[in-house]
Peer 1: 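Structure below; questions to follow.
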Amino acid sequence: MANDVGTVDALQSLKPNAEWVLRGDVLEWLDKKQTEPTADELAAEVTRLQGVYDGKAYQRTRATAYEAIAEQLDKLYHDMTAGKLDATGEWHKAIKAVKDANPKP
């Protein structure tokens, strides 16, 4: 078992609130109420969690591509005053461009 974020995340996901210590790649199970997950269970959970993380890559990319909220609000204000609160407004066009460039899988 590697000492990486994946292992820690897997332990926290499989056994919430369990008591354990990870020293290097050695897991010391301290919890008397919950059973220690097997190496196979941990590996499967790391794989599952990595899949969830990878599946949300588009969200992280979009988040950095969107303009700052202040800029978005300014566009919305100008669209409102121009009567363009539809697909013709600048705010909608900017958001759509980001979504189109980073489609949801």
Side-chain angles (χ1 to χ4, degrees):
M1 175 183 348
N3 181 13
D4 60 13
V5 175
T7 300
V8 171
D9 289 340
L11 284 164
Q12 292 171 337
S13 175
L14 288 171
K15 303 291 182 167
N17 303 315
E19 297 178 23
W20 49 269
V21 176
L22 189 60
R23 292 187 178 95
D25 55 348
V26 176
L27 174 62
E28 182 181 348
W29 196 255
L30 305 172
D31 202 294
K32 305 285 189 235
K33 296 178 183 174
Q34 298 186 63
T35 58
E36 181 177 345
T38 66
D40 287 344
E41 289 171 329
L42 281 173
E45 187 64 3
V46 166
T47 300
R48 186 190 75 78
L49 291 172
Q50 186 65 51
V52 169
Y53 179 82
D54 291 346
K56 294 182 179 178
Y58 77 96
Q59 291 176 339
R60 293 185 298 279
T61 303
R62 282 181 181 180
T64 59
Y66 288 130
E67 291 181 300
I69 295 296
E71 296 301 317
Q72 290 188 42
L73 289 172
D74 189 53
K75 281 187 176 170
L76 279 172
Y77 170 79
H78 289 287
D79 287 348
M80 287 174 69
T81 57
K84 292 186 171 185
L85 287 178
D86 56 15
T88 65
E90 293 304 310
W91 178 83
H92 181 273
K93 290 180 199 175
I95 296 299
K96 185 170 180 358
V98 170
K99 289 180 180 284
D100 288 349
N102 304 285
K104 191 175 189 178

Peer 1: Report the distance from atom CD of E28 to atom CD of E19, rounding to the nearest 0.5 Å.
Peer 2: 11.5 Å
Peer 1: Rounded to the nearest 0.5 Å, how far apart are CG of L42 and OG1 of T7?
Peer 2: 6.5 Å
Peer 1: Grab the two heavy atoms, one from P37 and one from L14, that are nearest each other, plus how far apart they are.
Peer 2: CB-CD1, 4.1 Å
Peer 1: Taking atom CG of D74 and atom CH2 of W91, what is their separation to the nearest 0.5 Å?
Peer 2: 14.0 Å
Peer 1: Side-chain donor-acceptor pair under 3.5 Å between T88 and D86, yes or no?
Peer 2: yes
Peer 1: Please report the interatomic distance NZ(K99) to OH(Y66), rounded to the nearest 0.5 Å.
Peer 2: 3.5 Å
Peer 1: Membership question, hydrophobic clusters at under 4.5 Å side-chain separation (ILVMFWY): are L49 and L11 in the same one?
Peer 2: no
Peer 1: Find out whether K15 and T35 are in side-chain contact, i.e. whether some heavy atom of one side chain is under 4.5 Å from a heavy atom of the other.
Peer 2: yes
Peer 1: Taking the side chain from T61 and the backbone from A57, do they hold a donor-acceptor pair closer than 3.5 Å?
Peer 2: yes
Peer 1: With rounding to the nearest 0.5 angstrom, report the NE2 to NZ distance, H78 to K84.
Peer 2: 12.5 Å
Peer 1: Heavy-atom count check: over 12 atoms from other residues, nucleotides or ligands less than 6.0 Å from Y53 OH?
Peer 2: no
Peer 1: At their closest point, which heavy atom of D31 faces which heavy atom of A18, and how far apart are they?
Peer 2: OD2-CA, 3.1 Å
Peer 1: Work out which heavy atom in G55 is nearest to a heavy atom in P105; give both atom names and the distance.
Peer 2: O-CG, 3.9 Å
Peer 1: To the nearest 0.5 Å, how far apart are CG in L73 and CG in D79?
Peer 2: 11.5 Å
Peer 1: Who passes side-chain hydrogen bond (donor to acceptor under 3.5 Å, both in side chains) against Q59, sequence neighbours left out?
Peer 2: none
Peer 1: Linking Ile, Leu, Val, Met, Phe, Trp and Tyr through side-chain heavy atoms less than 4.5 Å apart, which residues share a cluster with V21?
Peer 2: L30
Peer 1: Indicate the atoms forming the closest heavy-atom contact of P103 with Y58, along with that distance.
Peer 2: O-CB, 3.6 Å
Peer 1: Does D100 have any salt bridge (Lys or Arg N to Asp or Glu O under 4.0 Å) partners at least two apart in sequence or in another chain, and if so, which?
Peer 2: K96
Peer 1: Any idea which heavy atoms bring S13 and R48 closest together, and the distance?
Peer 2: OG-NH2, 3.5 Å
Peer 1: Applying salt bridge (Lys or Arg N to Asp or Glu O under 4.0 Å), can you list everything that pairs with K75, at least two apart in sequence or on another chain?
Peer 2: E67
Peer 1: For N17, enumerate each residue passing the side-chain hydrogen bond (donor to acceptor under 3.5 Å, both in side chains) test, keeping only those at least two apart in sequence or located in another chain.
Peer 2: none
Peer 1: Apply salt bridge (Lys or Arg N to Asp or Glu O under 4.0 Å) to E41 and list each qualifying residue two or more places apart in sequence or on a separate chain.
Peer 2: none
Peer 1: Please check this pair: side chain of R62 against backbone of N102, looking for a donor-acceptor N/O pair closer than 3.5 Å.
Peer 2: yes
Peer 1: Count the heavy atoms of every other residue, nucleotide or ligand shown that sit under 6.0 Å from NZ of K56, and state whether that count exceeds 12.
Peer 2: no
